[in-house]
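First up is the structure itself, then whatever we jot down about it.
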Amino acid sequence: MLATLSIPKPARRRLAALGGLWPFMQPYRSKLALAFVLLCLGSAAMLTVPLALRDLIDQGFTAGGSIHSHFLALFGIALFWGAAVAGRFYYVSWIGERVTADLRNAVYRSMLAQSPAYFEITKTGEVLSRLTADTTLVQTVVGSSSRWACAARSSLPAAW
């Protein structure tokens, strides 16, 4: 007789926990908007590649067709896409670094405001380790993970 194994469900990740980062991101709203625009432009450029390939095949290989102009169009799309992705990468990374720096400053200000009794109870090494690990995790989430999530979500509607 086989026993039925019960596999626990993984805990749901809650994005609401990241809501506490919004006050640190607000000073950079214009950069966030620019990164979003670059994300949309990069996604749009990627979605035009199949259309350009279709035109290349349909019109470029016919008698009297100009394959040269179609390859130039594909090259232009690739350059535009590369510039949009590079710009988005730069701005999202820059925002991640700035948010992390602002968060660290706020945490250090808070730590300096603690009473000496706090440091008698809590080990200094533990506090420093938590500060470093937590801000590095926030930097990873804000800087790189959000970049990949936004890029993937912006391309999802095109798959349908």
Side-chain angles (χ1 to χ4, degrees), residues 1-108 129-160:
M1 184 194 270
L2 294 173
T4 308
L5 293 177
S6 173
I7 300 172
K9 292 182 180 179
R12 283 191 80 192
R13 296 179 183 172
R14 302 193 192 276
L15 295 178
L18 296 177
L21 291 176
W22 181 244
F24 296 100
M25 294 176 81
Q26 269 188 321
Y28 311 110
R29 286 183 302 234
S30 61
K31 303 281 188 198
L32 280 169
L34 183 58
F36 180 74
V37 167
L38 289 171
L39 172 71
C40 292
L41 290 174
S43 295
M46 276 308 285
L47 294 175
T48 61
V49 170
L51 300 174
L53 280 174
R54 181 192 64 191
D55 287 345
L56 173 71
I57 293 169
D58 289 347
Q59 298 169 2
F61 292 119
T62 61
S66 174
I67 197 167
H68 182 70
S69 63
H70 291 288
F71 274 117
L72 283 177
L74 274 172
F75 185 69
I77 291 170
L79 283 177
F80 181 78
W81 176 75
V85 169
R88 184 197 70 207
F89 180 85
Y90 171 78
Y91 281 111
V92 171
S93 297
W94 185 85
I95 291 167
E97 293 291 332
R98 291 305 320 146
V99 167
T100 303
D102 293 347
L103 181 63
R104 281 187 176 141
N105 286 337
V107 169
Y108 289 145
S129 174
R130 295 272 323 259
L131 287 174
T132 305
D134 291 350
T135 53
T136 302
L137 179 63
V138 168
Q139 182 178 9
T140 302
V141 168
V142 172
S144 60
S145 298
S146 62
R147 176 177 54 241
W148 293 113
C150 288
R153 287 193 179 192
S154 69
S155 299
L156 185 63
W160 296 100

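Values reported hereafter were calculated over all heavy atoms of this structure, with side chains retained and with hydrogens, waters and symmetry mates removed.
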Find the distance between [atom1] ([X]) and [atom2] ([Y]) and round it off to the nearest 0.5 Å.
X: T48; Y: L53; atom1: OG1; atom2: CG; value: 9.5 Å
X: I95; Y: T100; atom1: CD1; atom2: OG1; value: 11.5 Å
X: R88; Y: L38; atom1: CZ; atom2: CG; value: 8.5 Å

> Excluding sequence neighbours, so at least two apart, what forms side-chain hydrogen bond (donor to acceptor under 3.5 Å, both in side chains) with Y91?
Replying inline: none

> Taking only residues two or more places apart in sequence, or in another chain, which ones meet S69 in a side-chain hydrogen bond (donor to acceptor under 3.5 Å, both in side chains)?
Replying inline: S66

>> Tell me whether the count of non-hydrogen atoms from other residues, nucleotides or ligands lying under 6.0 Å of OH in Y108 goes above 12.
In response: yes

Any residue meeting side-chain contact (heavy atoms from CB on, under 4.5 Å) with [X], in chain and number order, not counting sequence neighbours:
X: A52; result: L74, I77
X: Y90; result: W94
X: F36; result: L39, C40
X: L72; result: H68

> F24 and A106: which non-hydrogen atoms are nearest, and at how many Å?
Replying inline: CE2-CB, 3.7 Å

> By salt bridge (charged side-chain N to carboxylate O under 4.0 Å, His left out), which residues pair with R98, not counting sequence neighbours?
Replying inline: D102

